[in-house]
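Notes to accompany the following structure.
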Number of protein chains: 2
Amino acid sequence: MRISSKGDYGLRALFDLAQRYGKGPVQSEDIARRQGIPINYLNQLLITMRRAGLIESLRGPQGGHMLARSPETITLRDVLIALEGPLLPGDGTREDLIPGVPEDHDLIDEVWSELRAQIETLLSRTTLDDLCQRKRQRAGSVMYYI
Amino acid sequence: MRISSKGDYGLRALFDLAQRYGKGPVQSEDIARRQGIPINYLNQLLITMRRAGLIESLRGPQGGHMLARSPETITLRDVLIALEGPLLPGDGTREDLIPGVPEDHDLIDEVWSELRAQIETLLSRTTLDDLCQRKRQRAGSVMYYI
DNA sequence: GTATTCTTGAGCAATTTGCTCTACTATGGC
DNA sequence: GCCATAGTAGAGCAAATTGCTCAAGAATAC
Ligand code: FES
Ligand code: FES
């Protein structure tokens, strides 16, 4: 029930890309420097995210990474599932554990399932674009109050 | 972002106790047998839960474990926090990771914080008593349809 | 006092986390 | 075609966590 550094760093990187969406590829070294992510580790995460279809990458000079879709269509759920694997247990429920009294076991499995569904809808409500908007708002109000 | 065997086994054990609430102490061996939990491991978990104030334990013959509070007052949040530690990162945010651009970093920290709060309220909505009621309902309808 | 039941803490293999490093591949510009 | 610039792939690795087991001890009912 935690978010590992993958999810944290990964979201930072995607947020970085979201702020530069539509302005050409961003190099991993730039992301790493700005967001304070160990570059070797970030490269790994970027590959994972590309394989998950969240970003696209171009090699060679002037290459880099960019969001594969617009920021409004990428949710926290997408990010966390790509980086941390399926939420809660396995796909459905934990088949690796020893079961107990069937009625009780099934009931609890259901609870976990419902919980996962609820958490996923919760996560689906926040997009990368929401983060960008929040940042702009904040920048605006800071200006305002100075 | 997963629930480990601690949370799973722990909830099973508490559910077992909830179904026997008010009927005297239940021995760990009985819980282990019914719910299919390795007994040595279960003993560990029971101690953790006692230290968290969820159960009370009595030693000696006819000893055992019982809920410290009534099942309506014990929520999934209590269970998971006791067994899995604080939800999401540390207490507030992950101070172990390298920060990046302060505006971005603070924004993302906020997102994690809000997320944790939302997940906690979600978890707080289900109590052990809810599980017991669901089981009774289910048993009822099974009877009915046979 | 003795059988019963919880308590404490050590120990341990297997897995996961959080990285680093090396080698390779693709591409743009000259 | 050459070469500098990026991304890609995967091995490797120390440290932490997971999922347990086990042995020794302490409390209590009878
Ligand atoms: S595996 Fe946990 S209750 Fe089914
Ligand atoms: S530690 Fe992750 S953004 Fe702050």
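All chains are named by letter (A, B, ...) in the order of the sequence lines, taking the proteins before the strands, and each is independently numbered beginning at 1.
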Do the non-hydrogen side-chain atoms of A:Leu123 and B:Leu115 ever get within less than 4.5 Å of each other?
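Yes, their side chains come closer than 4.5 Å.
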
Is a side-chain donor-acceptor pair under 3.5 Å present for B:Asp8 with B:Ser5?
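Side-chain D/A pair, B:Ser5 to B:Asp8: absent.
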
Report yes or no: do B:Gln133 and B:Asp129 form a side-chain donor-acceptor pair below 3.5 Å?
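A pair is found: one side chain offers a donor N or O, the other an acceptor, under 3.5 Å apart.
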
Using whole Å, report how far [atom1] of [X] lies from [atom2] of [N].
X: A:Glu84; N: C:dT17; atom1: CD; atom2: P; result: 8 Å
X: A:Leu42; N: D:dA6; atom1: CG; atom2: C1'; result: 13 Å
X: B:Leu45; N: D:dG19; atom1: CG; atom2: C1'; result: 10 Å
X: B:Leu46; N: C:dT8; atom1: CG; atom2: P; result: 12 Å
X: B:Ile37; N: D:dT18; atom1: CD1; atom2: C1'; result: 16 Å
X: B:Asn43; N: C:dT8; atom1: CG; atom2: C1'; result: 11 Å
X: B:Ile3; N: D:dT17; atom1: CD1; atom2: C1'; result: 17 Å
X: A:Arg51; N: D:dG7; atom1: CZ; atom2: P; result: 15 Å

At a heavy-atom distance below 4.0 Å, what parts of residues 11-35 of chain A sit against DNA chain D?
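Heavy-atom contacts with DNA chain D come from A:Val26, A:Gln27, A:Ser28.
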
Residues within residues 73-82 of chain B bordering DNA chain D, heavy-atom distance below 4.0 Å
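Within residues 73-82 of chain B, no residue comes under 4.0 Å of DNA chain D.
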
So, does [X] get its side chain near the phosphate of [N], meaning an N or O under 4.0 Å from OP1 or OP2?
X: A:Ser57; N: D:dA6; value: no
X: A:Arg2; N: D:dT17; value: no
X: A:Ser4; N: C:dT16; value: no
X: A:Arg50; N: D:dG7; value: no
X: B:Lys6; N: D:dT18; value: yes

Linking I/L/V/M/F/W/Y whenever their side-chain heavy atoms sit closer than 4.5 Å, directly or via other members, would A:Met66 and A:Ile47 fall into one cluster?
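Per the 4.5 Å side-chain linkage, A:Met66 and A:Ile47 are not co-clustered.
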
Do A:Tyr9 and B:Val101 land in one hydrophobic cluster if side-chain heavy atoms of ILVMFWY residues count as linked below 4.5 Å?
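No, A:Tyr9 does not connect to B:Val101 through the hydrophobic network.
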
Derivation of the side chain to side chain contact (heavy atoms under 4.5 Å, CB included) call for B:Gln19 and B:Leu14
CA-CA 9 Å; B:Gln19 293 180 66; B:Leu14 285 179; over 6 Å; no

Does this structure show an ion pair linking A:Glu110 with B:Arg138, if we count only N-O contacts that are shorter than 4.0 Å?
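B:Arg138 and A:Glu110: salt-bridged.
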
B:Arg12 with A:Asp104: basic N within carboxylate O range, under 4.0 Å:
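Salt bridge flag = no for A:Asp104 with B:Arg12.
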
Would you give a per-nucleotide map of nucleotides 20-27 of chain D, 5' to 3', where B means the base has a protein non-hydrogen atom under 4.0 Å away, S means only the sugar-phosphate does, and - means neither?
BBB---BS

Heavy-atom closest contact (B:Ala18 atom, B:Leu67 atom, distance):
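Heavy atoms of B:Ala18 and B:Leu67 come nearest at CA-CD1, 3.7 Å.
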
Search all heavy atoms of B:Gly10 against all heavy atoms of B:Leu83 and return the closest pair with its distance.
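Reported closest heavy-atom pair: CA-CD1, 3.5 Å.
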
Given B:Asp78 and B:Arg69, is the salt bridge (charged side-chain N to carboxylate O under 4.0 Å, His left out) satisfied, shown in steps?
CA-CA 12 Å; B:Asp78 299 328; B:Arg69 318 193 294 265; 3.3 Å; yes

Would you classify A:Leu58 as touching base, sugar-phosphate or nothing, given that sugar-phosphate means primed atoms plus P, OP1 and OP2, and contacts are heavy atoms under 4.0 Å?
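Result for A:Leu58 = sugar-phosphate.
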
For A:Thr48 and A:Arg51, run side chain to side chain contact (heavy atoms under 4.5 Å, CB included): C-alpha distance rounded to whole Å, both residues' side-chain angles, the deciding distance at 0.1 Å, then the answer.
CA-CA 5 Å; A:Thr48 304; A:Arg51 287 206 257 246; 5.9 Å; no

